Student: 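Before I ask anything, here is the structure I am working with.
Not measured: the values here are computed from a predicted model.
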Amino acid sequence: MAIRRTGEAEMTSAIREWLNLGVRWFHVFAGIMWVGQTYYFTWLDGQFGKLEKKAAANGTDSKVWMVHSGGFYTVQKQKSLGVAPEQVRWFRWEALLTWVAGLILLVLVYYIGDGLIDPDVANISKGASAQSKRSHGNIIWGLDDRNDVVLPQCPE
């Protein structure tokens, strides 16, 4: 890091670009994991929906059988938690890591980098530009929260 005359530390462009590249790929990979897990659980819920209809008709047990890497797995939907909470695998880390990496990218690209400022439009400092963007974001968020439009439910 180079020190500017004003006393502010400035990140060199090489370090900023490598950080940008590393965080961007981490963000993409975490997003792929998040989307993949979403598709898996959507498929699994669909299978359980079909099996529950069959189970209601002929009284069979509703289990989903899967095969992966030479192993066979059965999954059974539970209505309540029958084990201790620490024995449950919570699928939340993929989503959290995608958001955290996205926020780090936002800071790297727009707040530390020059992504917020177009000198042809306005000659302002990075701090003023960042404050302007945060203010606009807060206004839009506030207007969006006031929007109480209820979307129609999709038929099953």
Side-chain angles (χ1 to χ4, degrees), residues 11-118 121 126-156:
M11 190 180 303
T12 64
S13 62
I15 292 172
R16 187 172 55 240
E17 289 301 315
W18 279 108
L19 273 173
N20 188 339
L21 183 69
V23 173
R24 188 174 302 266
W25 276 107
F26 183 83
H27 179 66
V28 167
F29 185 68
I32 289 169
M33 291 189 319
W34 185 14
V35 169
Q37 130 192 329
T38 301
Y39 278 124
Y40 169 70
F41 281 107
T42 302
W43 173 83
L44 195 60
D45 282 340
Q47 296 302 311
F48 280 124
K50 292 175 189 175
L51 288 173
E52 287 171 356
K53 288 178 184 175
K54 285 182 183 177
N58 47 342
T60 59
D61 197 16
S62 59
K63 289 183 184 176
V64 175
W65 281 84
M66 297 179 286
V67 63
H68 186 277
S69 299
F72 295 96
Y73 302 89
T74 61
V75 181
Q76 187 173 13
K77 189 174 184 178
Q78 304 291 321
K79 299 294 181 188
S80 64
L81 189 59
V83 296
E86 56 270 1
Q87 291 178 307
V88 177
R89 164 65 166 102
W90 296 95
F91 289 89
R92 63 175 175 237
W93 296 109
E94 296 85 355
L96 176 70
L97 292 176
T98 303
W99 274 92
V100 168
L103 290 175
I104 292 170
L105 269 176
L106 178 74
V107 170
L108 280 174
V109 172
Y110 291 106
Y111 294 129
I112 293 175
D114 293 328
L116 285 176
I117 304 170
D118 184 0
V121 176
K126 283 184 185 181
S129 177
Q131 182 59 39
S132 171
K133 297 299 180 188
R134 282 192 296 267
S135 298
H136 285 103
N138 289 338
I139 290 169
I140 289 171
W141 188 332
L143 291 174
D144 185 54
D145 276 351
R146 293 184 58 206
N147 188 0
D148 292 333
V149 175
V150 178
L151 297 175
Q153 295 293 324
C154 294
E156 291 186 28

Student: How many angstroms lie between CD1 in I104 and CH2 in W99, if you round to the nearest 0.5 Å?
Tutor: 14.0 Å
Student: Measure the spacing between CZ of R92 and CH2 of W34 and express it to the nearest 0.5 Å.
Tutor: 14.5 Å
Student: So which heavy atom on V75 is nearest to which on F48, and how close?
Tutor: O-CZ, 3.4 Å
Student: Does the pair V109 and R24 meet the rule for a side chain to side chain contact (heavy atoms under 4.5 Å, CB included), with working shown?
Tutor: CA-CA 10 Å; V109 172; R24 188 174 302 266; 3.8 Å; yes
Student: For side chain to side chain contact (heavy atoms under 4.5 Å, CB included), just list the numbers for V107 and L103, CA-CA rounded to whole Å, side-chain angles, deciding distance to a tenth of an Å, and then say yes or no.
Tutor: CA-CA 6 Å; V107 170; L103 290 175; 5.9 Å; no
Student: Report the distance from atom NZ of K77 to atom CG of L44, rounding to the nearest 0.5 Å.
Tutor: 8.5 Å
Student: Below 4.5 Å, heavy atoms only, C-beta onward: do V100 and F26 meet side chain to side chain?
Tutor: no
Student: Rounded to the nearest 0.5 Å, what separates atom OG1 in T42 from atom CD in Q37?
Tutor: 10.0 Å
Student: Walk me through whether K50 and Q47 qualify under side chain to side chain contact (heavy atoms under 4.5 Å, CB included).
Tutor: CA-CA 5 Å; K50 292 175 189 175; Q47 296 302 311; 3.9 Å; yes
Student: Pair L51, K63 - check side chain to side chain contact (heavy atoms under 4.5 Å, CB included), show working.
Tutor: CA-CA 8 Å; L51 288 173; K63 289 183 184 176; 5.8 Å; no
Student: More than 12 foreign heavy atoms under 6.0 Å from CH2 of W43: is that the case here?
Tutor: yes
Student: Taking OH in Y73 as the centre, count heavy atoms belonging to other residues, nucleotides or ligands within less than 6.0 Å. Is the count above 12?
Tutor: yes
Student: Distance-only, no hydrogens or angles: does the H136 side chain make a donor-acceptor pair with backbone N or O of S132 under 3.5 Å?
Tutor: yes
Student: Measure across G102 and H27 and return the closest heavy-atom pair with its distance rounded to 0.1 Å.
Tutor: N-ND1, 3.3 Å
